[in-house]
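Here's the structure we're looking at; comments come further down.
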2 protein chains.
Amino acid sequence: MISSRQTQSVRLVWEVFDRSDTAYSVVELVQMHKGSMNKTTVYRILDRFEKEGKLHTFLGKNGLKWYAKCHNCSSKKHIDIHPHFQCNECGKVECLTIDVKIPKVAKHHIEQANMLLLGQCDECLI
Amino acid sequence: MISSRQTQSVRLVWEVFDRSDTAYSVVELVQMHKGSMNKTTVYRILDRFEKEGKLHTFLGKNGLKWYAKCHNCSSKKHIDIHPHFQCNECGKVECLTIDVKIPKVAKHHIEQANMLLLGQCDECLI
DNA sequence: CCTCTTATTGCAACTAGGTTGCAAATATAG
DNA sequence: CTATATTTGCAACCTAGTTGCAATAAGAGG
Ligand SMILES: [Mn+2]
Ligand SMILES: [Mn+2]
Ligand SMILES: [Zn+2]
Ligand SMILES: [Zn+2]
């Protein structure tokens, strides 16, 4: 499941994602593991998870990097090209399962489409 | 046309956008005006232009802030909700005139959709 | 034109996310 | 149990962007 060396830190970071399908910003993850590992280690472990196809990454509304679990990816193929949602009130981020068709643009070759929807989440709508 | 005080710096920054419809990153703009004004000034002028509805802003692929001219906006209403394209090879950014319909998401209120298309621009396709 | 008020600017210091080089620690193959 | 390669901590660094404050300069009104 977890390739390369299965260190204490690797296990701790993975557990967070294993427990739920929530997306986490690097800032949260560094904060969360403060005391048990260095921030550099968090960054490096996340990098490795991404290369291995365990996590995918995207940018939230202020350019912050977010990570979420992949479901059918490997180091060879990332198929997590889905839109993401971020709540303008609580800041929470979610992976969306809806399909977005990539628009065609004349004279351009489009390889990827990043879509970030902004608004209010279910909890903040009340 | 240009509200507030029309300083030397304000004129210089505006000229860049007035000349063409190119999008510019703040990094480029600061570099471009190095020698004639401080970077803080560039940031503040861009902020003002945005508030006044002259420029709109969005994030490029590395979370860098980009600015481009608005065409029918005012301080009251920004209607520049269009997708943007960034070339993976030369880094160039373009505003796209295509329409993207904002997807609906159950139990969420979507206010805005940010879309960044990545690929190769016309010049880099050769 | 001159004067006064207020918006704008420069500067230096700061914040925050993210990266790097290197020596020390540790997982794991054999 | 070793030997080796990977991973980690640390401290220093980088870059985009922000802030407080004193100095400067638009431009409105006289
Ligand atoms: Mn996702
Ligand atoms: Mn645009
Ligand atoms: Zn919310
Ligand atoms: Zn290009």
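All heavy atoms count here, side chains included; hydrogens, waters and symmetry mates do not. Here is how names work: the chains are called A, B, and so on, in the same order as the sequence lines, proteins then strands, and each is numbered from 1.
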(message) Is B/Thr7 close enough to C/dT9 that one of its side-chain N or O atoms is under 4.0 Å from OP1 or OP2 there?
(response) yes
(request) Take atom CG of B/Leu64 and atom C1' of C/dG18, then tell me their distance rounded to the nearest Å. (result) 13 Å
(request) Let me know the distance between NZ of B/Lys34 and P of C/dG10, rounded to the nearest Å. (result) 14 Å
(request) State, with a plain yes or no, whether a side-chain heavy atom of B/Lys92 is found less than 4.5 Å away from one of B/Asp122. (result) yes
(request) Let me know the distance between CD of A/Glu50 and P of C/dG18, rounded to the nearest Å. (result) 12 Å
(message) Rounded to whole Å, please give me the gap between CZ in A/Arg5 and P in D/dT7.
(response) 6 Å
Can you tabulate the close N/O pairs, meaning under 3.5 Å, that link protein atoms to atoms of nucleotides 28-30 of chain D?
none

(request) Please state how far atom CZ in A/Arg11 lies from atom C1' in C/dT28, giving the value in whole angstrom units. (result) 13 Å
(request) Classify the nucleic acid contact of A/Val26 as base, sugar-phosphate or nothing, counting any heavy atom under 4.0 Å across all strands shown. (result) sugar-phosphate
(request) To the nearest 0.5 Å, tell me how far B/His108 NE2 sits from A/Leu125 CG. (result) 8.0 Å
(request) Specify the separation, in whole Å, of atom CD of B/Gln31 and atom P of D/dA16. (result) 11 Å
(request) Measure the CG-CG distance between A/Leu59 and B/Leu64 for me, rounded to the nearest 0.5 Å. (result) 10.5 Å
(request) Enumerate the residues from residues 37-47 of chain B whose closest heavy atom to DNA chain D is under 4.0 Å, giving them by residue number; use none for an empty result. (result) B/Lys39, B/Thr40, B/Tyr43, B/Arg44
(message) From CD of B/Gln8 over to P of D/dT24, roughly how many Å is that when rounded to an integer?
(response) 17 Å
(request) Kindly compute the distance separating CZ (B/Phe85) from NE2 (A/His109), expressed to the nearest 0.5 Å. (result) 9.5 Å
(request) Please answer whether the main-chain N or O of B/Lys61 pairs with a side-chain N or O of B/Gln86 as donor and acceptor at a distance below 3.5 Å. (result) yes
(message) Quick check for you: to the nearest 0.5 Å, what is the distance between A/Tyr43 atom OH and A/Thr40 atom OG1?
(response) 9.0 Å
(message) Which residue is it: A/Phe17, A/Trp66, A/Phe58? I am looking for the one with a ring-ring contact (aromatic ring centres under 6.0 Å, His included) to A/Tyr24.
(response) A/Phe17
(request) Over 60° means perpendicular and under 30° means parallel, so classify the ring planes of B/His56 and B/His82, tilted if in between. (result) perpendicular
(message) Please pick, from C/dT8, C/dG18, D/dT7, the nucleotide with the shortest atom-to-atom distance to any side-chain atom of A/Lys65.
(response) C/dG18
(request) Could you tell me the separation between the CD atom of A/Glu28 and the C1' atom of C/dG17, rounded to a whole number of Å? (result) 14 Å
(request) Hey, could you give me the CD/OG distance between B/Glu52 and B/Ser4, rounded to the nearest 0.5 Å? (result) 5.0 Å
